[in-house]
Structures are given as C-alpha cells and as structure tokens.
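Chain identifiers are assigned alphabetically (A, B, ...) following the order of the sequence lines, protein sequences preceding nucleic acid strands; residue numbering begins at 1 within each chain. When reading the values below, keep in mind they use all heavy atoms of this one structure, side chains included, and skip hydrogens, waters and symmetry mates. As the structure is a prediction and not an experimental result, all values here were calculated from the model.
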Amino acid sequence: MKDRYESKDIEPAVQAEWEAAGSFAAREDAAKPKYYCLCMFPYPSGRLHMGHVRNYTIGDVLARYMRMQGYNVLQPMGWDAFGLPAENAAIENNVPPAKWTRDNIRHMKGQLKSLGFAIDWSRELATCDADYYRWNQWLFLRMLERGIAYKTTGTVNWDPVDQTVLANEQVIDGRGWRTGALVEKREIPMYYLRITQYAEELLAALDRLPDWPDRVRTMQANWIGRSEGVNLAFPYDIAGNRGELKVFTTRADTIMGVTFVAVAAEHPLAELAAGRDAKLRAFVDECRRGSIMEADLATMEKKGVATGLSVRHPITGAEVPVWVGNYVLMAYGEGAVMGVPGHDERDFAFAKKYGLPILPVIDVAGKPYSTDAWQPWYAEYGVCVHSGPYDGLDFNAATNAIAKDLEAKGLGRKQVVWRLRDWGISRQRYWGCPIPIIHCPTCGDVPVPDDQLPVRLPEDLVPDGSGNPLAKSKAFLECRCPKCGAAARRETDTMDTFVDSSWYFFRFASAGNDRAMVDGRAAYWLPVDQYIGGIEHAILHLLYSRFWTRVMRDCGLTDLDEPFQRLLTQGMVLNEIWFRKPATGRIAYYNPAEIEAGGEGDARKGVLKSDGQPVEYGGIGTMSKSRKNGVDPQDLVERYGADTARLFTMSNVPPEHTFEWSDEGAEGAFRFLKRLWKIVHAHVEGGPAQELDVAALDGPQRDMRRQVHQALVKVGDDIGRRRTFNTAIAATMELLNALGRFADSSPAGRAVMQEALDFMVLVLSPVIPHAAQAMWRGLGHATLVVDERWPQHDPAALVQETVEIVVQVNGRLRARIAVAAGADEAIAREAALADPGVAKFVAGQPVRKLIYVPGKLVNVVV
RNA sequence: GCCGGGAUGGCGGAAUUGGCAGACGCAGUGGACUCAAAAUCCACCGGAUCGGAAGAUUCUUGCGGGUUCGACUCCCGCUCCCGGCACCA
C-alpha cells in the first residue's frame, strides 16, 4: 500500500477491475430479492452539472448499499435526449440537433464513467433512438383506439415575426426571446391524452404510497384538485340567439349574490358583442395577446369591459350583465365564471373597480360586513342571508337546496370537477418523437399502421428558428395514405418530451427487445424500488409516469398500478445568477465564476471579470444551462478525484435539502480521505494484526470497540432507513477522530484497530468505492469490496455499565450524573437530588413533581 | 396570485418519537514543525455579565403569541427565501 493517497492511480485501475469482473451487469435471478434503483435520467445538455453528480451519487450509494445487503441490484442509465435545447444549439451552431445530442451523450457518458457509478451500461437507451420512440408511437396508437388520445384545439404562444410557436420559457415579458415581438395566442389543433379519466384513481392511490415524501403526495393531490360544486346555466335570448351561459362554482350557496358574469375574450358572447362595439373589440384583441401561463394570469391586473349584453339569473330570472374579463380562460371549464363580489376577493376588487353592486348574502358567525373593504372572513362558509328561500341555511344545506331547484328548472346540477386538465402532447417542434398520423385529403387523419412503425425522424435537418423544419422537409412530409393509397402528408408535430420520460424505466428492464415494448424481464424488475430525482419533478413527470403506467396496465402490458415504490426527492443545487439585459433581444447570462462579486461591500453587486463592466444580480436559483450558472464537476474530479467529489456532495447537507453551492468544502472531504488513508497505511505498516479476542480487551480497548460498533449501527441506519448520508459521513469522521486518539499498539489494540478499519472501509465503500477498494487490499483482503456484505455489529460490544443522564430543575439543565444502566426512578431520584449542582437550585424547596426518562434525563419540578 | 417546502453560530448543517441546542465539516484565531511557505499535527472557536484562571450565571433556533414539568420540534398569526403552476427538463 502506498503511503500517499493518489486518486489518479487508484480510480482508473479499480474501474478496470469492475469492468473486467462485469460487476454491474444485472441478471434476472428469481432466487434473489431484486432491487431496482433508479435515478432520473439526464437531459444530455453537454456536460454534467453538480445536480447530476448529487443525484447519481445518492443513487449509487443506495445501489451499492443494497447490494451489500444481499440484493440483486439493477442500476441503469439512459438519456432524455429529445428537447428544446438541442434545437437552440442547432440554430446557434448550425449543426443538426442529432449530432449535437449524440456528441453530448458521448461526453457525458465518459464523465459518468469517471465518477465510478455502478451502472449496468448494457441497458443504456436514448429516447431519440427509433428503437425507443417507436414504442411511444405504438402506445399512442393504442390510446387512440381506446379513446384515451384525442384531437382538439389548444392555445399556444405565437411569435408573429418568426412565424413559430414558442415555449413558455421563450416568452419574456410577453415578447419572443429571439425577435422581441409581442407574442400572440393561437388556437391550433393538438392531440391530448385523457389523464382526467384517471384523476380519481391517481388521487386515491396517493394514500398507498407511504414511501413517498408527504410534500410530493400533497402537491399531487392539490394538483389533481378534486372539488365538488354545481354546474349551472344562465339562459339568454340575445338578438334572436338563444342559449345558455354555463359556469361552474364551488360556492353555489352564494348564488343569490351574483351581480355579474365574466367570460373569456374568446367566448362566443364576447365575439358577438365585440362585433358591434369598437372599445370591446380592442379589449378582446388585447386579451388575445395575453399570456397563456397561469402564474401570469393570476398575478396580472384584473381588467374587464362590459358587453352591454345580459343573461338571466337561473333562480330569480333577474338580468345579470355580461362582462369580458382578461382573467377568464377559455380553455378552463366553460370559459365563463359567475361574479359574486360579496364573497370572492377577486370579484370584490373587480366590482369596486367597475362600480358593480356588492351583495352580502352569507353571514359568518355575526362577523361584521362592510362593502368598504375586503375582509378575509367574507369568503368563509356561513349562513345564507338576503337569499329569499335559502335564508338560514348553512353551506351544505344551501348547496343542496339550490342544486335541487336548479335541477328542477333544468338549469344545473351538482358535479365533481377536477383541477387536473388533459395532457396536451403536440409540439410544433422538430427534435421530438413524430406523432404517427397521416393526413389524407379524402380519409382525414389516419393512424400509421403498426407495421409501418417507427415513423423515423430525419436526423439531418437544421432548424433556423422559424417554424418547424419537418414542415419544410418534402422527404418527411410526403407519403401515401395507408387507407386509400393517395398522396398524403405526415403530421409534423412531435410529442411532448414528458412522453419519453413517462415509461423509460420499463424499457431498461426490456432492453433490446425489438418486437415488444416490454417483456417478462420488466415483470421481474418493476416496480422501481427506489426512485431518485429533483424535487422540481414532484408533479408533472411523476404524475405523467403514474398515468402512463396505468395506461400500460389497461393495455395488458404490466400488472402494476404504480411505477415507483419509494421516492427520494433531492433538493436542487443552487447557485448565484448574474445577467445583463440589453434594450432589445435576449438576456445574456454569465457563470458566477466569471463574476467579481462584492463591489462596494455588497454581495449583490458584481462586474464581469473579462470587461470590468457591471452585471445584474438575479438572486440564488437552480443551476441551469439557460442561466449559465452551472458548476463543472469535472474540475472537482480532476483536482481531487471522483471519490472526493462523491464524498463532498454527500456530506454536509441532507439529500432533500437545497444545496447552495460554494467553492469551499471539497478540501474538507479530501482531507478526511487523506487522513483515513494515512491511518490505514500506518496500521498496515505494523504488519498483520492478531485475531480479535474480545474477552481479553482492557477498558479503553472495550470503549474504543464500543464506539466502533455504535458508529456501525448509526451509519447503517442513516443510509438504510433515514437516507441522511450527511450524518452517516459525520459519524465516520467522528470515529476517525477517535481512532486517531486511540494510540494502542499492543496486539489487542491492533486487533481492535483492524476490525475498526475493516468496518470503516466497508461502510464508506458505497460513497468512496475506489479508495475503499485500495484500502481493503491494503488491509489484507483479496476480494472486491463490491462483492462484500455489510458488516454485522456485535450487540455485546454496545453494552454499557453506566450511563450519563442529565438533571434539570424546572426544565433547566443543572447537572449531569452517572447512574447504572437500567437504574430505576428511585435510584435516579436519589442520585439527582444528591448532586450539589442540583441541590443548589432545589435549595430546600419541596419537590412537586419529578420526571424521569430512563437513560436520558431527570427533571425536578420545585 | 395559488399549491408545496424552508429559516438554528461568521458559513453548511446536527439534535431520529416533545427531553443535553450547536454533532460533523468549512472559515477563523493561537501554537508546533519549517530557513520560509505549502502540507500536516495540537489547542481554541454563539452572545453577554462576573472571574487572574478554572469556572459560574444568563440570553440565544426568522418575528409575535400559545400548549407543556420541558418546545428547534406541536398549535395560531406574520415576515423573508426557494420549488412548481401544465410548451425548460
């Protein structure tokens, strides 16, 4: 064993040993318990960032730990390879997205390998490979057959200059990020997946996921958003147009307080009125330019214009004015809402602004009501007042009575609605999975027959930022109708990339099968036992995967309802954001490493090192390619080695917390590794240790051995149960400090040390697998650590004769006393009261009460 | 705006079921080694008051209340920060 720790000598050699032994190739083996450990696969953005390192190190530690527990472990890796960044890079560098993506994959795969993750690379997949995405297409066709996939219109951001659809991310302050043009809304035909059909099941099943974090289950439940309410209709007869304006409300009890209704700009009534009113026309046009993002909609100034039209109140028959509101979304519900200014904060503000009447119709436990200013209790449940026949009824009674009356008139009924909306999957983009549809002038939209799958995406196109290049590619576009054989055109929309990531975990377990989407191997490995990924995926990706799994189940492809047994949501890795915002065009971001921060003593003032000019501080945010605030882990690996990079990312912070990046800290991890190496080396230099004879140990040796076994128990619990890797590592650091002080070179002392170092190397091996292997050899073992079992602790070693307990007087710490382990209350009481530090504060006062927590504390209440 | 989460020394964090606040690490200070530096090793390291020191007392877990023998932990009301909001992935 060398006297200096040199990661550059150790790591490639150990990786070569794993490779030669085929250590990480997973084979289905019904005789062994399986463990499928999966990290969310990366988008091949170009280089690994610290978020990846954190994610994959967590997964790798768990995979290696479970393997040491005797499980047959599968840890695969792949690439979420379709997406927008490849198109942006293509425009910038004039290379096809395919080339850019595959180059990135090659580079990042090398980076992952250098970090020594225990990955079964034989199962690698990339979603941009036709072998993979053909099954997206295949299942999409099954969904069409079952009515789960359907076509309707949807709203998109439209850049009128580039004549192209923009992603939300590409809209900045209402303008296209490349052109700066005001973005418009457009209604275009799109394919949707009927996830709402599974809403009830997706909600109910959350209760059967005890090993998911509560916060994720809560977020999903709220996202699905079951609410009970009443669907009702306001009839109208306007210039010969008879109809009903439909709205949904969860507060039918306030119906007698309705003083207006508001419709979306795209609503037929708005269109009708705009035709004869220039002011309204202008407003409707303005609304069309608004954002399609919910966050914008919820925070923008609520504006409205009266249409001059009115509808009839479904209960009273009174005339109710119709307004157009910029906050009403056509795509949401019926595109209309009823306005109850008395009991809805938004309606209250709207009524104040436009001088509409405010009618209080609910009394909340006698709390005062004034139309002067909104008070939070106005929106609470109460008892109906000024509501004619409903006076005195509470929320439930009023809702029931009103629903009954509406039903009798044929103007409404109770209904359960979901916040969840169907999943629109059409993207007007090139770098994605083609939707397998052919448009025939005579037969209409014709699904591509199974035997013509996959519909291959051409890989040689270079987008230019205007429109979808597929729509300009004759070779792709022109085809024959599968039904009638006439000349036809292919659908040029591709699928949302969330489709790709909704089932890749099945495919890892059916790698290489070119005849079926999944096979029997998936039945062996699935469900994923432990899934690990960023908290930012808590809703969409996980919900889509749960949905997709159920569709596969209903198509007979799996028996599972849920794909992920246990979920760990790692916190994000954050870093500072620095940018410059030019008068026109897109914002320029700079990596924090390029910034000199702290000018004028203010950490939020900075200049760009290269030109000395000021840059703006954008706060702390997630590391992302678009904001250029990533940290390159390669620097860390080259400087300290993979083991230090791994150790560092697992130290200090629990995995679920956000991690604010700082350049300091890696040194500490590196120092620990070097100290561990040194103590192992020093021990090995002393020659082979004798066999451990527990009965022959003296007091200090027994104490040392107790600490070793206590640490072993703690590390196992922290990794196996709590997943708090930071405290596990802290425990090993504490133990190393204790071992450093344990200078006992007697034969028995060296035997204790040998056991301690063997354990230390084994329990740290999931985190620092290369160094652990080298030290394991040094300690005299011929085997590969990856094939070793987790060490068993000796219960006898943990036994303590006396324990220290804390004595409080009136809840304040006054003394520590030693009592025999297992002492009863009488003994503890006597010992506590006898202590001078305690007696001082008791000072002869009678003891009113005494609380004794065995082995921990005595609290004397006087 | 809505949904979810967070806040503990100079910094990251620990305290697992309501029971010793500050484990472990970083930074810092002092010392040893060295011609010197780096590296390494040793000691100290939340604030205040008293004390030569050992130590003692007291305050302290974002802010304001509450429950309890006892609250970082539970409850109520705030503030600020982070994630998500359906076309970034």
Cationic tip of Arg829(A) within the cone over Tyr852(A)'s six-membered ring, i.e. under 6.0 Å and within 45° of the normal? no
Does any N or O donor sit under 3.5 Å from an N or O acceptor when you compare the side chain of [X] with the base of [N]?
{"X": "Asn222(A)", "N": "C3(B)", "result": "no"}
{"X": "Arg848(A)", "N": "C69(B)", "result": "no"}
{"X": "Arg675(A)", "N": "U40(B)", "result": "no"}
{"X": "Lys840(A)", "N": "U57(B)", "result": "no"}

Is there a Watson-Crick or G-U wobble partner for [N] with both distances under 3.5 Å, and if so, which one is it?
{"N": "A37(B)", "answer": "none"}
{"N": "C80(B)", "answer": "G6(B)"}
{"N": "G1(B)", "answer": "C85(B)"}

Counting only side-chain N and O atoms of [X], is one of them less than 4.0 Å from OP1 or OP2 of [N]?
{"X": "Lys674(A)", "N": "A39(B)", "value": "no"}
{"X": "Arg722(A)", "N": "A15(B)", "value": "yes"}
{"X": "Thr727(A)", "N": "A14(B)", "value": "no"}
{"X": "Arg671(A)", "N": "A27(B)", "value": "yes"}

Using atom [atom1] of each nucleotide, how far apart are [N] and [M] to the nearest Å?
{"N": "C85(B)", "M": "G70(B)", "atom1": "P", "result": "46 Å"}
{"N": "A86(B)", "M": "A14(B)", "atom1": "C1'", "result": "39 Å"}
{"N": "C24(B)", "M": "C41(B)", "atom1": "P", "result": "16 Å"}
{"N": "U60(B)", "M": "A53(B)", "atom1": "P", "result": "26 Å"}
{"N": "C26(B)", "M": "U16(B)", "atom1": "P", "result": "24 Å"}

With a non-hydrogen cut-off below 4.0 angstrom, is Gln170(A) in contact with a base, only sugar-phosphate, or nothing?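 Here Gln170(A) touches no strand at all.
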Which whole-number value in Å describes the distance from Leu676(A) CG to G25(B) P?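 One finds 13 Å between P of G25(B) and CG of Leu676(A), rounded.
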Are Arg178(A) and Asp162(A) ion-paired here, with the side-chain N under 4.0 Å from a carboxylate O? yes
Base of G9(B) relative to its sugar, syn (within 90° of 0) or anti? syn
